[in-house]
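Heads up, the thing below is written out as C-alpha cells.
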Number of protein chains: 4
Amino acid sequence: MDHDGPDFVWEQVAADLRADIESGALAPGVRLPSESALASIYGVARGTIGRALLKLKEDGLVVTRFGRGTFVART
Amino acid sequence: MDHDGPDFVWEQVAADLRADIESGALAPGVRLPSESALASIYGVARGTIGRALLKLKEDGLVVTRFGRGTFVART
Amino acid sequence: MDHDGPDFVWEQVAADLRADIESGALAPGVRLPSESALASIYGVARGTIGRALLKLKEDGLVVTRFGRGTFVART
Amino acid sequence: MDHDGPDFVWEQVAADLRADIESGALAPGVRLPSESALASIYGVARGTIGRALLKLKEDGLVVTRFGRGTFVART
DNA sequence: GTGGTCTAGACCACT
DNA sequence: GTGGTCTAGACCACC
C-alpha cells in the first residue's frame with residue numbers, strides 16, 4: 001500500500017474524533033474521555049492525543065476547560 | 001403537646017436518618033448527602049447535622065471517609 | 001515576543017488583590033470577602049484563592065484570623 | 001491526654017519519608033517513587049504527597065528536577 | 001512519565 | 001459561616 005504524503009498518527013486520531021463529533025456520536029457539551037483514557041483507547045502515547053486535540057481546538061470543534069476536561073463545542 | 005425530657009433537634013435528625021438506614025431506603029455503601037445538603041433538607045444548621053452524624057458514627061451505622069463523604073456502614 | 005515567566009492563575013489573583021490593597025480600595029483592618037465569595041468573583045476554585053491569600057500572608061499584606069476571616073494588615 | 005498540636009496527614013507522610021532519609025534507607029541521590037506511586041503506597045491523594053514533599057524541599061532534604069522526579073539531597 | 005497547577009466538592013476545627 | 005485540610009481526577013510543561 002502507498003500514500004501521497006505524511007500520515008501522522010495524531011492526524012488519524014483527530015480525523016476519527018472529528019467523525020464522531022460530526023456524526024453526533026459525541027454530542028455538543030459532552031465531555032471527551034481524559035487524555036489518558038483516549039491514549040489507552042487508541043493505543044497511542046498521551047502526547048499524540050494532545051496533538052490531535054490541539055488540532056480539534058484550532059478547528060473550534062472542542063474546547064478545553066483547564067482542570068476539568070475537554071468538551072465538544074456547542075456551536 | 002408535651003414530652004418527657006430534652007428533645008434536641010439533632011436527635012430527631014439522627015432518628016430520622018437511622019430509620020432511613022434500617023428501612024433500607026439508605027442502603028449499605030450508599031453515600032449520604034453532604035452535611036451542607038442535609039442542613040438544607042432538614043432546615044437546620046450545619047453543626048446540628050454534624051452532631052446527628054456523630055451519633056450515628058458512634059452507633060456504627062455510618063462511617064465517614066475524610067474528604068469523601070459519609071457512607072452507610074456495610075456491616 | 002517574550003514574557004517573564006509562568007503566569008499562574010493564583011498569581012494573577014494575588015496581584016489583583018495586592019493592587020486593591022496598595023491603592024487603598026481595601027483599607028487596613030477591612031475584612032476581605034470570604035474565600036468562597038472570592039472564588040465566585042474571580043471565577044476560580046476556592047483552593048486557588050487560598051493559594052493567592054497564602055502569598056499575601058507571606059508578604060505581610062493580610063492576616064487571617066481562624067474562623068473569622070482574612071483582614072488587610074494594619075502596618 | 002494531650003498532644004503537641006495538629007496532626008495532619010501530610011505531616012505524617014513527611015515525617016515518615018524524613019525518617020527513611022535520615023536512616024539511610026533512602027540514600028543521597030536516590031530517586032523517590034513518583035508522587036502517584038507514593039500516593040498509592042500511603043493510601044492518600046497525590047496532592048497530600050505533594051504537600052509533604054514541599055516540606056522536605058523547604059528543609060533541604062530532597063530536590064526536585066522538573067519532569068524527572070524527586071531525589072534525596074546529596075548534602 | 002514526571003511534577004505542577006487547577007477544578008469541584010467533601011469534612012473538620014474554630015469563632 | 002469562616003478558613004484549613006483532604007480526595008479525586010483533570011490538563012499542562014518538561015524531560
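Predicted model only: the values in this text are computed from it and were never measured. Residue numbering restarts at 1 for every chain, and letters A, B, ... go by the order of the sequence lines.
Between C:A73 and C:P28, the shortest heavy-atom distance links the atoms O-CB, 3.5 Å.
Atom CD1 in C:I49 sits about 16 Å away from atom P in E:dT5, given to the nearest Å. One can place CZ of C:F8 at 7 Å from P of E:dC6, the figure rounded to the nearest angstrom. Computed from coordinates, the D:L54 CG to E:dT2 P distance equals 20 Å when rounded to whole Å. One can place CG of D:L56 at 13 Å from P of E:dG3, the figure rounded to the nearest angstrom. When rounded to the nearest whole Å, the span between OH of C:Y42 and P of E:dC6 equals 15 Å. In this structure, CZ of A:R51 is placed 16 Å from C1' of F:dA13, rounded to the nearest angstrom.
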In dot-bracket form, how is DNA chain E paired, counting a Watson-Crick or G-U wobble pair only if both its distances are under 3.5 Å and using | for bases paired to another strand?
-> ||||||||||||||.

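Remark on DNA chain E: of its neighbouring residues C:T48 and A:G47, the 5'-side contact belongs to A:G47, judged by nearest-heavy-atom nucleotide.
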Show me the side-chain donor-acceptor pairs of residues 57-68 of chain D shorter than 3.5 Å, one per line, residues at least two apart or across chains.
| unit_1 | atom_1 | unit_2 | atom_2 | d |
| --- | --- | --- | --- | --- |
| D:D59 | OD1 | D:K55 | NZ | 3.3 |
| D:D59 | OD2 | D:R18 | NH2 | 2.5 |
| D:D59 | OD2 | D:K55 | NZ | 2.9 |

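Among residue pairs with one or both ends in residues 33-50 of chain C, those qualifying as salt bridge (Lys or Arg N to Asp or Glu O under 4.0 Å) are C:E35-C:R46; sequence neighbours excluded.
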What one-letter contact string describes nucleotides 10-15 of chain E from 5' to 3', where B marks a base within less than 4.0 Å of any protein heavy atom, S marks contact via sugar-phosphate atoms alone, and - marks no contact?
-> BBBBBS

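Applying the side chain to side chain contact (heavy atoms under 4.5 Å, CB included) criterion to B:A37, with sequence neighbours excluded, gives B:P33, B:S34. Partners of B:A25 according to the side chain to side chain contact (heavy atoms under 4.5 Å, CB included) rule, which considers only residues two or more places apart in sequence or in another chain, are B:D20, B:S23.
C:L53 and C:I21 fall within the same hydrophobic cluster, defined by Ile, Leu, Val, Met, Phe, Trp and Tyr side-chain heavy atoms under 4.5 Å apart, directly or through other members.
A:L54 belongs to no multi-residue hydrophobic cluster, having no ILVMFWY side-chain contact under 4.5 Å with any other such residue.
Contact of the D:V13 side chain with the D:F8 side chain is not registered, since no non-hydrogen atoms from C-beta on lie closer than 4.5 Å.
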